[in-house]
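Following: one structure in structure tokens, then a few remarks.
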Amino acid sequence: MELSRSRRGLQKKFVASLLIVGFSPGIVALFATYLYSIQTIKTSIGGSFQQIAASTARRIEVMIDDEIDGARHLAATPLTVRASAEASNGSYRTEDPQAIRARLLQRSSQWERYRDGEDRVLPSYIDRGTLVYIRDWYAVRAGGYQNLLVTDAQGALVASVAPTVGYLHGDELWWREAFADGRGRLYVSDIYKQAAGEYLLDIAVPIMDRSGKRAVGVVKLELRRANLMKAIMEIKVGDRGHGMLLNTEGTPLICPVLPPKAHLINDPLMRQLMQTTPGWVVAEDDAHGGHNSIVGYAPIRFVHPLSESSLGGHQWYAFVRQDPDETYAPVYTLLRTVGMIGFGMVTALASLGFFLGRLFVKPILMLQEQADAIRQSVRDLASAGRFDRALRSTAERRVTVRTGDELESLALAFNQMAQALDESLKTIRNQENELLRKEKLASVGQLLAALAHDIKNPLGVIRSSAQLVLDDHQSEAVKREVAQYVIEEVDRLTNRINHFLRFARQKPPEVRPVAVKVLLEAALQEWRALGTGSVIAEEVSIASDVPDLMVDPDQVKEALVNLMINAREAMPQGGTLTITASMEGKSGAPATVVVRIVDAGCGISPEHLKQIFDPFFTTKDFGTGLGLTNAKRLVEQNGGQLAINSQEGKGTEVVLRLPALAR
């Protein structure tokens, strides 16, 4: 599992590094492309919108200036318009103001009756010549005007194409601005609503006398807004772009999308637009639902000087906008295209990364696998009973890498290390064999010394007893007693020799599967048969998940019996012998069965605990001192471990760890 995790981790790091190195510049380039494209589009489209707005402003200026010129030309007609205004003024020149006022009211009443159809005869104070003239002038431009009328110096009607107007106009703004107390000025009104769906624009010019220094009347043109809308409607910016005519209050006077004055341009945007020269800006809110919109603008300036109240006291601006989604559509298309290309590059880089990752990582993984195998082999040496049972040659742990780079050098160094380790293990094995041989020789010497000591005294007793038997003066009873003593000494010698032979002979184990319960019951049965002395209580507990053992049953049983005999001898006054068996082992490691033999005896002192496995060491008055030595040797020969924990006066615990049958 660790190997698999490291494999995935190394490959992931390699692929991630490749993607970061390859993809980071792409992200930076994409972001830079986006910023550059946005700025380029803003500059390009903003400049285009500025030109469109400036062109539209010029067209509106020319249209209004042309209408003013036409109205001034009409007002300057000497034989009709000017003459009729002067004649109307002369009709009440000798009267005082009250009489003039009375006359005007009387004429107004008469005009109202005529306008309502009560009188069918045109009043005499309406100049018929001028009426015919302005009707002809109007007919030529009928589509562009709502009405055309002429007034005198009192604001009284002289002639009107449409009879629906009032007679007195002296109190109206357009007349006061145009007449200007006889000075005469040009006046252009703001666009206003006349009727449902009908919007007009008033142009009023003074009728000047022959000297051109004093106004004698006013000519008023009622211009339809449709004339100006032509200039606005001709603006085509994509599918959702359009132009508008605004005043400084932010009121759209002409808008192809929404009705006039149905919405207002917000103050921040108007502050951006109210400039003296054409330009373009990026509007956070363009009053049409768009955000970050590019808008172009241009102020409208007429050639003719107008009165201060003209255009409602405001200034007009041409305004051009486009839906930002449509404006930035080329950028979004470019980003999508670049994004798709980038995605393809990422996919290609990822595929290349996985391929190269496997190519580069494979030799490293081979080295890791072989190193792990060698590590496991060396670890087994520490837990093996004998070195030659766990020793494995590392000859098959070689790695072949042909890359011509540092990886090949690393593989070569690894193979050299494995070869050196193999030679070291062989040297250790030879040294261990030599050490074992020397230990055996030393043990044989100890064995012979102990055997000579144990045989010498009994042989002397046997010789003396044989002499007594050969003495004819001895009674039969004495001879029989001496003969029985000789037999007992021979049996004791035979038992001692058998112990020595078991220690000296190291028969290799014949391992086979055996159940823990069967093995313990067999050992307990033999231990009971050998039992003498006080009664020992038995407590045996075997866990349900304990697997079978893979050992030599006879050798392990002999070791268990020796350990149980020691436990009995440690409890001369009686006690409890507790035996437990359970499974032990980490995930992925070989399973081990742990057998614990616990007595409640006298325990072992710390100084003696260090020597208990030495051959011939014993604190008893009897025995050979080979019991624990044989038990430890038998357990380790079967691939197990034996350890003793003891506290003096509290008892002893013997722990056996035996190899379990692999499941």
Side-chain angles (χ1 to χ4, degrees), residues 450 453-454 457-458 484-485 488-489 491-496 498-500 502-503 516-543 546 554-582 593-635 640-658:
H453 178 269
D454 286 349
N457 291 335
Q484 183 63 35
Y485 183 74
E488 290 178 355
E489 288 297 320
D491 290 340
R492 189 167 67 87
L493 287 175
T494 301
N495 186 41
R496 293 291 179 88
N498 287 336
H499 274 82
F500 288 131
R502 280 197 297 271
F503 173 75
V516 175
K517 183 177 181 181
V518 172
L519 185 61
L520 290 178
E521 288 181 351
L524 284 169
Q525 186 175 359
E526 183 174 337
W527 174 73
R528 295 188 193 103
L530 296 175
T532 58
S534 58
V535 179
I536 303 297
E538 303 171 12
E539 291 184 1
V540 181
S541 175
I542 302 175
V546 172
D554 295 333
Q555 290 186 355
V556 175
K557 184 186 73 172
E558 181 180 348
L560 290 171
V561 171
N562 280 336
L563 295 173
M564 293 177 187
I565 290 174
N566 286 343
R568 173 190 286 144
E569 292 174 351
M571 297 183 291
Q573 305 302 323
T576 301
L577 177 66
T578 303
I579 302 175
T580 62
S582 60
V593 176
V594 179
V595 178
R596 301 178 189 274
I597 301 175
V598 183
D599 65 56
C602 59
I604 304 173
S605 64
E607 58 271 16
H608 290 162
L609 195 60
K610 301 176 182 179
Q611 300 175 282
I612 55 177
F613 294 117
D614 294 343
F616 310 109
F617 175 78
T618 181
T619 59
K620 304 173 186 176
D621 296 333
F622 54 89
T624 61
L626 295 175
L628 285 177
T629 304
N630 276 330
K632 181 177 177 62
R633 177 177 59 81
L634 291 172
V635 170
Q641 296 177 350
L642 187 147
I644 294 180
N645 304 315
S646 182
Q647 291 185 3
E648 191 172 8
K650 294 185 178 181
T652 301
E653 177 190 48
V654 181
V655 181
L656 295 88
R657 287 180 170 82
L658 301 171

State, to 0.1 Å, how close [X] and [Y] come at their nearest heavy-atom pair, and which atoms those are.
X: Ser582; Y: Ala543; result: CA-CB, 4.2 Å
X: Ala523; Y: Val561; result: O-CG2, 3.7 Å
X: Ile536; Y: Gly574; result: CD1-CA, 3.8 Å
X: Leu577; Y: Trp527; result: CD2-CH2, 4.0 Å

(request) Please list, chain by chain and in numerical order, all residues satisfying side-chain hydrogen bond (donor to acceptor under 3.5 Å, both in side chains) with Glu538, sequence neighbours excluded. (result) Arg528
(request) State whether the side chain of Ser646 and the backbone N or O of Gly651 hold a donor-acceptor pair below 3.5 Å, judged by distance alone. (result) yes
Does [X] have any side chain to side chain contact (heavy atoms under 4.5 Å, CB included) partners at least two apart in sequence or in another chain, and if so, which?
X: Gln573; answer: none
X: Lys517; answer: Glu521, Ile542
X: Ala559; answer: Ala631, Leu634, Val635
X: Val518; answer: Ala515

Approximate separation, where rounding is to 0.5 Å, of [X] [atom1] and [Y] [atom2]:
X: Met564; Y: Ile597; atom1: CE; atom2: CD1; value: 5.0 Å
X: Asn562; Y: Lys557; atom1: CG; atom2: NZ; value: 11.5 Å
X: Asp599; Y: Glu653; atom1: CG; atom2: CD; value: 10.0 Å

(message) Applying salt bridge (charged side-chain N to carboxylate O under 4.0 Å, His left out), can you list everything that pairs with Glu648, at least two apart in sequence or on another chain?
(response) none
(message) Quick check: do Val654 and Asn566 have side-chain heavy atoms less than 4.5 Å from each other?
(response) no
